[in-house]
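Scroll down for the structure; my scribbles are underneath it.
Order of the sequence lines fixes the chain letters, A, B, ..., with proteins taken first and strands second; residue numbering starts at 1 for each chain. Computed from a predicted structure; not experimentally measured.
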Amino acid sequence: MKIATLAILLCLSRAAASAAQARPSPAPDDGQWTMPGRDFAGTRYSTLSAITPANAAQLRPVWSFSTGVLGGHEGQPLVVDRTMYVVTPYPNVLYAFDLTEEGYPLKWKYRPDVNPSALGTACCDAINRGAFYADGKIVYNLLDGHTVAVDTGTGREVWRTPVAQIALGETMPMAPFVVDDHVFVGPSGGEYGIYGWLKALDLATGRLVWTARNMGPDSAMRVTPGTFHPFYDRGTDLGLTTWAGEAWKRGGAPIWGWLSYDRDLDLVYFGTGNPGPYNPEQRPGENKWTNSVLARRPGDGSLVWAYQFTPHDSWDYDANAEMILVDLVIAGRPRKVLVHFDKNGFAYTIDRSTGEVLVAEPFVHVTWASGVDRATGRPVMDTSKVTGASRGLIEDICPSLEGGKTPVAPAAYSPRTGWFYVSTNNLCMSFGATQAAYITGTPYVGVNAPYTAGPGGHMGAFIAWDAARGRKMWEIREKFPLWSGSVATAGDVVFYGTLDGWFKAADARTGRLLWKFKVGSGVVGCPITYRGPDGKQYVAVYAGIGGDWFLLAGDVRSDDPADVRPRSDFASDLARYTSQGGIVWIFALP
Amino acid sequence: MFAGAVAPPAADLVNPFAGDSQSAAQGARIYVDMNCDGCHGGGGVGFVGPSFTDGRWRYGGSAGVVYHSIFYGRPRGMPAYGGILSPTAIWKVVTYLHSLPVAADVATEAW
């Protein structure tokens, strides 16, 4: 606390804004990392401060572990009670390592039974985005649609619940989120014509408590009369009336990103993904609530407000990126906000009590819209960028469908600077929509969308963002798109990784690169930091390129020797810089 | 090659349309209509699912084995189309897949 206060005082040039912004993270930091975003607000901020810009160059690896799995190592390990928990991509093995002993020996290992059929239903590699610790259990999802809870003491399965159905095109790479007695899970499958939902399971038993759909009639969406108050929309059954016919029944709206929770407001926030199919002409209307943020009561799931970032999506702009909950001073007024870096290229600062958009500015190069109309909440679109099967190939759409920021890579927030630290992509695309046919459990997409690098030629940048004003504060340009999450610390050091296999530390205030280490494979995971049993600060991250990249870069995919592919046209030299491999790394000062 | 060294009957199946270009064209249409391209890519170049143009086959590339792969599905995600497509339609897809040109130099890397 003292250190944080001192640093704020030293930062007088931004004193007016920062002092009010600089609220400590909601829960006291015990040095653990028990949930994906570190805290319920999803800040990925740690008050640990031993690693500083002055000493970060001395960081060195202290431990590494091969997971034995190839493919995209997304998400993050957990550190709870002197134990590190690691979930691998399919086959979703869970490891528990004892951090009190030399070499961090294995305490136990849990290998679930996962249906390999799920491999053909996961659009973008057999990834997993991590686990959640609650009440003596590690809770996580299996690719084939089960949620499991494992006892931390024994490594035994406590319960295992079938939640998603691969026969319907649903898989479950996302990390569960736990509030009190409820475990929240959602499906991937925006490319398979799913009917998206959020389910609440009972933490003790795994039993299904309720299901809330992301579209459809109010009854299915758990819209309770008198409690649903979207800021910009009026009317009933909006999840039905903003669609033509029964298109909503296979309209997508997956939940493959991150959730957050405000205990004072008692609201859970999460983003929904793209409408299906990609060809917008097959689904007239705004297609609510795809590409939206939804605020629900964790107890009964009732919907309190919702806001749609990209109505009638023409570009696959999922809104699954994290909703980070912070308190900021905006136009002289303290506001409880939610900050979200959307695939559509705009960074939104939203009043999290009401859903009112307070700030919406592009954080990357954007061509599909000139801004967001504050009166209506709608984007001001360039209609020449609207796609459709009858419109042919539409060119120069920025950002690409990979997103100005991928939801795979959650941002971090430092209350000391008042800034967000964000992995961004500088990519544009052409988009040729095609007619798609719905066959249950098979791809329902309809697009050909080649990518190009955006202005400047670099494909990624790690940026600091002032969400109160909607301004970029600094950036570090990267050759390739950025696919790793980030972590911010009270030592004013931020960490991120690159697709070409570097793990890097930067000065949170200046963006100066402090240290880097080659971790053996591209980084698509999220770094964490924790206090070890010896009292030292550690930083951990997964290496292991995958996710989209193993599809896009062609011969990066090396796990199947019978499936050697020519390099892709896009980022064709990525395979010169990295190959697959799943490794857990831990770093510390000497 | 086969468990128990007994070839499954697929190996003996004969494609009634082998080499017929009209059947291949019809198969190409079925390939798109049934969303095969969603996983295996337009032109069979591979995406989430394996390529059909690299000359390599996970489960075998003879007409009968490819027929079986489509009819019964395969464990790593290939759905079973036996209840959806008629045997004639499946054979036309097989004919299409076998009509695809196999690139000469995709088997290895040298760069």
Open item on the list: Show the nearest heavy-atom pair for residues B:Cys39 and A:Gly120, with the distance to one decimal.
Closed with: SG-O, 4.1 Å
- [ ] Go through the structure and list residues passing side-chain contact (heavy atoms from CB on, under 4.5 Å) with A:Thr171, not counting sequence neighbours.
- [x] A:Ala118, A:Thr121, A:Ala122, A:Leu143, A:Ile166, A:Pro173, A:Ser188
Open item on the list: For B:Phe52, which atoms come within 4.5 Å of any heavy atom of chain A: side chain, backbone, both, or neither?
Closed with: neither
Task: Distance, nearest 0.5 Å, that separates CG of B:Asp37 from OG1 of A:Thr434 - done: 7.5 Å
Open item on the list: For residues 28-36 of chain B, give me every residue with a non-hydrogen atom less than 4.5 Å from any non-hydrogen atom of chain A.
Closed with: B:Asp33, B:Met34, B:Asn35
Which atom pairs, donor and acceptor, lie under 3.5 Å between side-chain atoms of residues 84-94 of chain B and protein residues at least two apart or in another chain?
unit_1	atom_1	unit_2	atom_2	d
B:Ser86	OG	B:Ala89	N	3.0
B:Lys92	NZ	B:Gln26	OE1	2.7

- [ ] Would you mind listing every salt bridge (Lys or Arg N to Asp or Glu O under 4.0 Å) that reaches into residues 429-451 of chain A, with sequence neighbours excluded?
- [x] none
Task: Spacing of A:Thr442 atom OG1 and B:Tyr81 atom OH [to the nearest 0.5 Å] - done: 5.0 Å
